[in-house]
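As the structure lists them, so they are numbered: ligands from 1, and atoms in each ligand from 1. One is the number of the first residue; the rest follow in order along the sequence.
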Amino acid sequence: MAFEGLAERLQGTLQKIRGKGKVNEADVKEMMREVRFALIEADVNLKVVREFVKKVSEKAVGQDVLKSLTPGQQVVKIVQDELTNLMGGEQEPIQFARKAPTVIMMVGLQGAGKTTTTGKLAALLRKRHNKKPLLVAADVYRPAAIQQLETLGKQLTIPVFSLGTDISPVDIVRQALEQAEKEHHDVVIVDTAGRLHVDETLMQELKDIQELATPDEVFLVVDAMTGQDAVNVAQNFNETVGISGVVLTKLDGDTRGGAALSIRSVTEKPIKFVGVGEHMDALEPFHPERMASRILG
Ligand code: GDP
């Protein structure tokens, strides 16, 4: 299960302080030492850990928390609130264009779950938002990727626009947008090329598509299992192409939590959705508060 180790350690630590009638600064310090270890062990970015510990410590010791009637509970509440804030605070909804179609670009490295998530997102938008999506196969380097998207489209009965691999991605997207207009699709989701590593040609290609399509959302798909690598990839994509949100996949696996807890702080971009399985309905809006509650029990 995701976050198992982190949840267990944090819950154990907070349990100790929760029931205390009196809490002093030394207790808070001891608690924060354990929280710090738990976060580091969960592969949370070190700078993020440092800031988190500082913030919680200041709040716990600074106000009249320790002199209150229920200091332990209040300290626990501070940890919970700050953990929620760390993941972005509020759920960030998808941004739809004022004038249809809404264009969503899916970007990410190979294997992160980009194509699968493209299908899942289309299904979610149709089901929950009553949209009529068009999927666009713009990965011209891997025929298998186009095929994969077409298979998903068939399975979902959602149309897929593709023109094979002998044409530039920008031309594909241009024609796809024309088709969307003709067929009254109100959402266009572009599955772009993935690479094994971040490279300049890929970034330039993404920028070219971006310039043409002026997307309402650019979602970076990253694999939660890759921890700090996912955070580095997010930082990289955000600095070069600019992203509007993150989709964190494979949260159904036994990820330690580092990516989920670090990405928002490091990139200042929200996690908008999480992938929780291989099935087409396994995509959920990300709720920081619920995630914090799940971790803290
Ligand atoms: P892409 O190369 O980024 O397009 O990645 P794919 O969409 O082909 O996904 C790579 C693998 O990850 C596939 O086997 C997917 O079924 C799997 N996958 C994607 N998202 C999730 C998820 O949220 N949970 C699990 N368990 N597997 C996922």
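Looking from atom 26 (N) of ligand 1 to the surrounding protein, the closest heavy atom is Asp252 OD2, 2.7 Å. Among all protein heavy atoms, the one lying closest to atom 5 (O) of ligand 1 is Gly113 N, 3.1 Å. If you check which protein heavy atom lies closest to atom 2 (O) of ligand 1, you get Gly111 N, 2.7 Å.
With Phe96 as the aromatic partner, Lys131 meets the cation-pi criteria of under 6.0 angstrom to the ring centre and within 45 degrees of the ring axis.
A salt bridge does not link Arg256 with Glu4: none of the charged nitrogens is closer than 4.0 Å to a carboxylate oxygen. Between Arg9 and Glu41 a salt bridge is recorded (basic side-chain N to carboxylate O distance below 4.0 Å). The residues Glu92 and Arg264 are annotated as salt-bridged, a charged nitrogen and a carboxylate oxygen being separated by less than 4.0 angstrom. At a threshold of 4.0 Å, the pair Lys54-Glu51 does not count as salt-bridged, since none of the basic side-chain nitrogens sits closer than that to a carboxylate oxygen. Ion pairing between Asp191 and Lys114 holds under the 4.0 Å rule for side-chain N and carboxylate O.
Within the 4.0 Å heavy-atom cutoff, Ala282 does not count among the residues contacting ligand 1. Assignment of Leu109 to the shell around ligand 1 is supported, since a heavy atom sits closer than 4.0 Å. Between Gly108 and ligand 1 there is no heavy-atom distance shorter than 4.0 Å. In this structure, Gly277 is part of the shell of residues with a heavy atom less than 4.0 angstrom from ligand 1.
Using modelled atom types and a 3.5 Å distance limit, the side chains of Glu217 and Ser244 yield a donor-acceptor pair. Between the side chains of Ser168 and Asp171, at least one donor-acceptor pair of N or O atoms lies under 3.5 Å. Side chain to side chain, Gln204 and Asp208 meet the donor-acceptor criterion of an N or O pair below 3.5 Å.
Formation of a donor-acceptor pair under 3.5 Å by the Lys132 side chain with backbone atoms of Glu183 is found in this model.
Close approach to Gly275 involves these atoms of ligand 1, each under 4.0 Å from a residue heavy atom: 23 (O). Within ligand 1, the atoms closer than 4.0 Å to a non-hydrogen atom of Val276 are 23 (O), numbered from 1 in the order shown.
Heavy-atom neighbours of Glu30 CD from other residues, nucleotides or ligands within 6.0 Å: above the threshold of 12.
Among Lys250, Gln148, Lys114, Arg142, the residue whose heavy atom sits closest to atom 28 (C) of ligand 1 is Lys250. Nearest residue to atom 20 (N) of ligand 1 from Lys120, Gln110, Met225 is Lys120 (criterion: closest heavy atom).
Of the N or O atoms in Glu278, one or more lie within a sub-3.5 Å distance of an N or O in ligand 1. In terms of polar-atom proximity, defined here as any N/O pair under 3.5 Å, Thr116 does make such a contact with ligand 1. Between Leu251 and ligand 1, no pair of N/O atoms sits closer than 3.5 Å.
Contact annotation for Val221 and ligand 1: no heavy atom of the residue comes within less than 4.0 Å of the ligand. Contact annotation for Thr117 and ligand 1: no heavy atom of the residue comes within less than 4.0 Å of the ligand. Both the backbone and the side chain of Thr115 come within 4.0 Å of ligand 1, counting heavy atoms alone.
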